[in-house]
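Data block below; observations after.
Below, each value reflects all heavy atoms present in this structure, side chains not excepted, and no hydrogens, waters or symmetry copies. Just so it is clear, the structure is predicted and the values come from calculations on it, not from any experiment. Chain naming here is simple, since letters A, B, ... match the order of the sequence lines and numbering starts at 1 in each.
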Amino acid sequence: MTEALVDIRNLNVRFHGARTVHAVNGLDLSLKPGEVLTILGESGSGKSVTLKALLRLLPEKRTAISGAMTVDGIDVMSLKGRALADYRGGTTSMIFQEPMLALDPVYTIGEQIAEAVCRHKGISRSAGMDVALDMLKKVRIPSPERRLKNYPHEMSGGMRQRAMIALALSCRPKLLLADEPTTALDATVQIQVLLLLRELQKEFGMGIIFVTHDIGVAVEISDRIAVMYAGTLIETGTTREIIRDARHPYTRGLLAANLHDVTPGTRLEAIPGAPPALDARPTACSFAPRCPEAGPVCSAALPPVLTPGAGRRVVCVPKADRFAGATSAAPAVNA
Amino acid sequence: MLIYFLQRLVSVIPVALGVSLICFMLVHIAPGDPLTAVMPVDATAEQQAEMRAAYGFDKPLPVQFVLWLGNALTGDLGTSIASGRPVADEVMRAVGNSLILAFFASAIGFPLGILFGFLAGTYKNGVVDKVITGIAIAGVSVPNYWLGMVLVVIFSVSLGWLPSMGAGPGGSTEWAWDWEHLRFIILPAITLAAVPMGIVTRTVRALVADIRSNDFVTALYAKGLMSRHVVAHVIRNAAPTALSVVGIQLGYLLGGSILIETVFNWPGTGFLLSNAIFQRDLPLLQGTILVLALFFVVTNLLVDLAQPLIDPRIRRT
Ligand SMILES: Nc1ncnc2c1ncn2[C@@H]1O[C@H](COP(=O)(O)OP(=O)(O)O)[C@@H](O)[C@H]1O
Ligand SMILES: [Mg+2]
């Protein structure tokens, strides 16, 4: 068995401020080197927070993080100062949802890439610019010499995202975090960028944690999929397992809502209801109130972690147990 | 780039013309005859008409404007009714004194305002921010003539360290770069600097806090930059807006301050203006206002011209 590239154990993230938000609860995740894993979940489920926690980018004062995170043998939780800065962008780097907002508007693309390279490799500025040019070629930006001197506003959305990818990969990270990198792009550009990412992944061999709310994109890019709901990973498995053999009712609901071969006119089977407020740590299955299959046991206690296969993980009360001991475990339901 | 500069330069012409017209009209709209102040009470009708003709007040207004503008363009702003000296000379001397005062106020107010704003915006809602915001609000809201008088009471009357009025020893109005003259400018310069310092502080604070809340700042940390590198990015992002705020404030400073120059008897444009108003010295008033207004136009022009040099986002538009 190969050493895991990423190992996250029992990650909890809580924001306190005007309102307490339990954004991530007891998250376990691991990733092998060179593997592409997608975290799939609707908006607000804690995907971005998980990625930011992995880079320790959450506002320190207002955030309580607990658990263990190891990336390439580095204990991420204990990093600080220079070591943390070396880890960011060096071992693990990130591409963001909206490249227009994630690039500095008053620095040229070349400067922004070279800056990262110089910072991590300790090379001169002109050598950094050479690397930047090389990277722009790698992400296949047309006339890269000219684009090097462009500011972000002088490029199209797809081009900017390519530049962002060039920046993120410029220091050859072992792990790439991609936070909905194609959501802001047009459908055709979206596919090009996905193909590019997959190609670069093969070439560079880095592991990717990809975040999306789009099942189609997840299937396109990933080896494995982890489904997230209200701050909890509720099901993990290979892409094939998730598509063919989803176990969690939420995953099945998501798949049903995204079937592409529906007869025109029939309504998609969207999951009724809204995700729960995150103001308290869950004491039962967060999905139970919306779950068409839930029984009294589901809303009485935290669901168990089932492992139906190697690397497979489902957080759900087995069907047979959902009504067990209903009379004693939960207050009697008036019929 | 060159086209942008030319456009800006040309666009100033109608503004300057409009400003001149308003200056000219202002005084004619005001009630009362501009000559009554200087005319003997018992002047005969002929004497009055003669005087009016001498100052050109007998011609129709549009003709007066064109003549006045033509003269103004050649540097002739007429003759002061009260002193009988050329308005241009009086205004130029006052402008010189106001510029010196503005220079010192700028040297105090802008660096302080930018530094304070930067610190407060970086450590938003912390103790540093609270203290600085307190100072900035005080700077903006305390009436500056009152601040001037308080400073005079403390440093001139009680401690006797600095003179309370004038621009030089023995009532001299000629500036010189020595300690004897510097002593005179310290209090008025501090007083004049208070408001722009406060405004610059507050604007830069909001600006820096806003820039820091952008995603790209998170992204800068994500690529491994340390805080000190990120500061460089924040500065480059803040510079264009900070510059234009400073430019506008500079315009105010150059205009002099009637109240502060009066409190300290500083022989600048504000002081001249208040004299012109109280003595109903029409040509002096027109000339002073015109020069002040043109100062605003020119400083704004300079800011506009400087901005694309430091902000790539403006270059294309
Ligand atoms: N800095 C923060 N402070 C407080 N709450 C936050 C912060 N960042 C995210 N949240 C909350 O955490 C939850 C998860 O957010 P996020 O991870 O961004 O969701 P998504 O899955 O759409 O990426 C949301 O309820 C969001 O409001
Ligand atoms: Mg998100």
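- When Q97(A), M100(A), R56(A), Q112(A) are compared by the number of non-hydrogen pairs under 4.5 Å with chain B, Q112(A) comes out ahead.
- Rounding to the nearest 0.5 angstrom, the gap separating the NZ atom in K124(B) from the CG atom in D210(B) is 8.5 Å.
- The shortest heavy-atom contact between L27(A) and I8(A) is O-CG2, 3.7 Å.
- Contact of E98(A) with chain B is not made at all, since no heavy-atom distance falls under 4.5 Å.
- Of the atoms belonging to Y107(A), heavy atoms from both backbone and side chain fall under 4.5 Å from chain B.
- Other residues, nucleotides and ligands contribute only 12 or fewer heavy atoms inside 6.0 Å of the CD1 atom of I3(B).
- Minimum interatomic distance between V24(A) and G46(A) (heavy atoms only, all atoms of both residues): CG2-O, 4.0 Å.
- In terms of heavy-atom pairs under 4.5 angstrom with chain A, the leader among R236(B), M226(B), H229(B) is R236(B).
- Heavy atoms of L101(A) lying under 4.5 Å from chain B belong to its backbone as well as its side chain.
- With a threshold of 4.5 angstrom between heavy atoms, R82(A) approaches chain B through its backbone and through its side chain.
- The environment of CD in E60(A) is sparse: at most 12 heavy-atom neighbours from other residues, nucleotides or ligands sit within 6.0 Å.
- Here the closest heavy-atom approach between residue F204(A) and residue L169(A) is recorded as CE2-O, 3.9 Å.
- Neither the backbone nor the side chain of L84(A) comes within less than 4.5 Å of any heavy atom of chain B.
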